[in-house]
Amino acid sequence: MPEIPYNSAAAGERVIHVGSTNLHAVDAQTGQELWQFKTDGRVKPTPSAADGVVNAQTERYLYAVDVQTGQELWQFNAEDPVRWGYLSEVVDGVVYVGTDS
């Protein structure tokens with residue numbers, strides 16, 4: 001597995017999702033990288049996973065990525081800086097995240 005320069009991780013049963021300058025999925029038993037998703041910048045705070053989707057945010061974007069494949073499902077450009085101090089929350093299929101506006 002490549003060295004990951006930042007460390008925010010969300011653990012599932014078999015996969016750990018790690019935010020760095022990209023989003024990584026790592027096998028929890030072997031430590032082998034399963035996939036890597038390129039983001040526009042540092043992933044922060046900790047990614048969250050629910051219902052087969054991992055959500056990751058950077059300073060300007062919110063990403064939804066398929067947990068199994070690492071393929072982008074959608075992205076949202078917040079235009080204003082995303083509040084890094086707050087975790088995104090998924091409720092009834094809606095992702096909530098704070099911005100500076």
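Throughout, residue positions are numbered sequentially from 1 according to the sequence presented.
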Exercise. Compare every heavy atom of His24 with every heavy atom of Asn22, then report the nearest pair and how far apart it is.
Key: O-CD2, 3.7 Å

Quiz item: What's the shortest heavy-atom distance between Leu73 and Val53, and which atoms?
Solution: CD1-CG2, 3.6 Å

Quiz item: For Asp40, which residues count as a side chain to side chain contact (heavy atoms under 4.5 Å, CB included) partner, sequence neighbours excluded?
Solution: Thr58, Arg60, Tyr61, Tyr63

Self-check item: Partner residues of Gln75 under the side chain to side chain donor-acceptor pair (under 3.5 Å) criterion, sequence neighbours left out
Solution: Glu72

Practice problem: Look at atom CG of Asp51 and say whether more than 12 heavy atoms of other residues, nucleotides or ligands are closer to it than 6.0 Å. | Solution: no

Practice problem: May I ask you to decide if Thr21's main-chain N or O and Thr39's side chain share a donor-acceptor pair within less than 3.5 Å? | Solution: yes

Quiz prompt | Nearest atoms (heavy-atom pairs only) where Asp66 meets Trp35 | solution = O-CZ2, 3.7 Å

Exercise. For Pro47 and Leu23, work out which heavy atoms get closest and say how close.
Key: CG-CD1, 3.7 Å

